[in-house]
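Computed from heavy atoms alone, side chains included, the values below leave out hydrogens, waters and symmetry copies. Along the sequence shown, residues are numbered consecutively beginning with 1.
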Amino acid sequence: MISVAVAGASGYAGGELIRLLLGHPEVILGALTASSNAGQRLGAIHPHLTPIADTPLQETTTDVLAGHDVVFLALPHGHSAALAAQLPADVTVIDCGADFRLERAEAWTTFYDTPYAGSWPYGLPELPLAEGEQRAALAGAHRIAVPGCYPTAVSLALAPGLKAGVLQRDDIVVVAASGTSGAGKSLKPQLLGAEVMGAMSPYGVGGGHRHTPEMEQNLSWAAGEPVSLSFTPTLAPMARGILATCTARLVPGTDPDGIRAHWEQAYAGEPCVTLLPPGSWPRTSDVLGANAVHVQIAVDKRIGRAIGIAAVDNLTKGTAGAAVQCMNLALGLPELTGLSLVGVAP
């Protein structure tokens, strides 16, 4: 059995990790740690985790975490690097934060206010690349960076077309809606029920959202050349889920009727990515609690733009499910062990 610790267990991502790990047949849960919530019962923070509700949350220290085979870091951005540097090299560390996602130091320092910590293998095995396969980089890895939730949806919505060279790289526009859990569990006035219910609102407008360089990085990997995009996130009155609507101009001379074939080819062997039948559209409700992404591709022939749409549960395939999937690949287990591709409905 694999001993696993979760740092940041009191947050939404940490709670989702524990929920999934409780159903993993190869895992024994070890230390569950927190910061301000250390000393409390897990059930006081996550009442739904009844099988281990009486487990106490411990302080997040390297001594507590180091004795495990796998350590998941579900910490705020900028907090993982210092802790990870102190963990033994033979411990598999999987970071759900942003600290190790970006290859370029300048991309990090432009959007974050902590020192650049470097990059780890990127945990999106389904990502189509111009060269090679992303899944291969995860096998046997002892350090893995889990993708962001928005970048997961956006990258998988558009990457096949960029890899195939049928989408232009400099006129990409993304508008995506997220549930409130994407903002974490900290108390914020704009996330109060009275503010969110019955309303949608934009934020991070004007290119300021921190996931922008990660999206550009992923799509550049797919294209084999630099990609730029405009990203506008919006907050939707729901707890979980992301719906990303992504558009890009077709390369002149591209047959619009042949576009779908590139997405079919890219995802034919990917169990976690479903290209929906023509005329069906992704819905956040259909991927609730599932380690799955639903994708659709269409073309506006009148103006020559492709529209890629993707739905993902930001806490499952968008974070915790992807982390478990990465652990499975790193340790040589069947990739979907402990994970479900089936959503919860209604």
Same cluster (ILVMFWY, side-chain, under 4.5 Å), [X] and [Y]:
X: Val70; Y: Val93; answer: no
X: Leu339; Y: Leu22; answer: yes
X: Phe72; Y: Leu49; answer: yes
X: Leu83; Y: Val91; answer: yes

Quiz prompt | Passing candidate, side-chain contact (heavy atoms from CB on, under 4.5 Å) with Ile307, options Leu158, Val299, Thr247 | solution = Thr247

Practice problem: Would you mind telling me which of Thr319, Leu127, Leu124 makes a side-chain contact (heavy atoms from CB on, under 4.5 Å) with Thr152? | Solution: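 With Thr152 as partner, Thr319, Leu127, Leu124 yield a single side-chain contact (heavy atoms from CB on, under 4.5 Å), made by Leu124.
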
Is it the case that more than 12 heavy atoms not belonging to [X] sit under 6.0 Å from its [atom1] atom?
X: Glu106; atom1: CD; result: yes
X: Glu133; atom1: CD; result: yes
X: Arg283; atom1: CZ; result: no

Side-chain ([X]) to main-chain ([Y]) donor-acceptor, under 3.5 angstrom:
X: Thr62; Y: Leu87; result: no
X: His24; Y: Glu26; result: yes
X: Lys163; Y: Ala222; result: no
X: Glu103; Y: Ser119; result: no
X: Gln296; Y: Gly308; result: no

Quiz prompt | Among Thr284, Thr180, Thr316, the one residue meeting side chain to side chain donor-acceptor pair (under 3.5 Å) with Arg240 | solution = Thr316

Quiz item: Taking Glu126 as the fixed residue, which of Lys317, Arg135, Gln134 is the one that meets the side chain to side chain donor-acceptor pair (under 3.5 Å) rule?
Solution: Lys317

Quiz prompt | Linked hydrophobic residues, Val205 as query - side chain contacts closer than 4.5 Å | solution = none

Quiz item: With Asn37, which residues qualify under side chain to side chain donor-acceptor pair (under 3.5 Å), at least two apart?
Solution: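 Asn37: side chain to side chain donor-acceptor pair (under 3.5 Å) contacts with Ser10, Gln40.
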
Quiz item: Of all residues at least two apart in sequence or in a different chain, which pass the side chain to side chain donor-acceptor pair (under 3.5 Å) check with Asp63?
Solution: none

Using a 4.5 Å cut-off on heavy atoms from C-beta on, say whether the side chain of [Y] contacts that of [X].
X: Leu20; Y: Asn291; value: no
X: Leu275; Y: Glu264; value: yes
X: Ile52; Y: Leu32; value: yes
X: Tyr150; Y: Ile242; value: yes

Quiz prompt | Asp95 bridged to Arg101 by N-O distance under 4.0 Å | solution = no

Least distance between heavy atoms, [X] atom then [Y] atom:
X: Leu17; Y: Ala323; value: CD2-CB, 4.0 Å
X: Leu250; Y: Pro256; value: CD1-CB, 4.2 Å
X: Pro282; Y: Val295; value: CG-C, 4.0 Å
X: Pro121; Y: Ala141; value: CG-CB, 4.3 Å
X: Ser181; Y: Asn314; value: OG-ND2, 3.0 Å
X: Cys149; Y: Val312; value: O-CG1, 4.2 Å

Quiz item: Can His68 and Val4 be said to form a side-chain contact (heavy atoms from CB on, under 4.5 Å), step by step?
Solution: CA-CA 6 Å; His68 300 79; Val4 172; 5.9 Å; no

Quiz item: In terms of ring plane angle, is the pair Tyr112 and Trp108 parallel, tilted or perpendicular, where the classes change at 30° and 60°?
Solution: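 Ring orientation, 0 to 90° scale: parallel.
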
Practice problem: Might you work through the side-chain contact (heavy atoms from CB on, under 4.5 Å) test for Phe100 and Arg143, ending with a clear yes or no? | Solution: CA-CA 9 Å; Phe100 299 100; Arg143 299 289 189 271; over 6 Å; no

Practice problem: Would you confirm whether the ring centroid of Tyr203 sits within less than 6.0 angstrom of the ring centroid of His209? | Solution: yes

Quiz item: What do the steps show when you test Asp257 against Lys301 for salt bridge (charged side-chain N to carboxylate O under 4.0 Å, His left out), and what is the final call?
Solution: CA-CA 9 Å; Asp257 294 323; Lys301 296 181 180 180; 2.6 Å; yes

Quiz item: Could you go step by step and tell me if Arg305 and Asp171 meet the side-chain contact (heavy atoms from CB on, under 4.5 Å) rule?
Solution: CA-CA 10 Å; Arg305 289 192 80 93; Asp171 187 14; 3.1 Å; yes

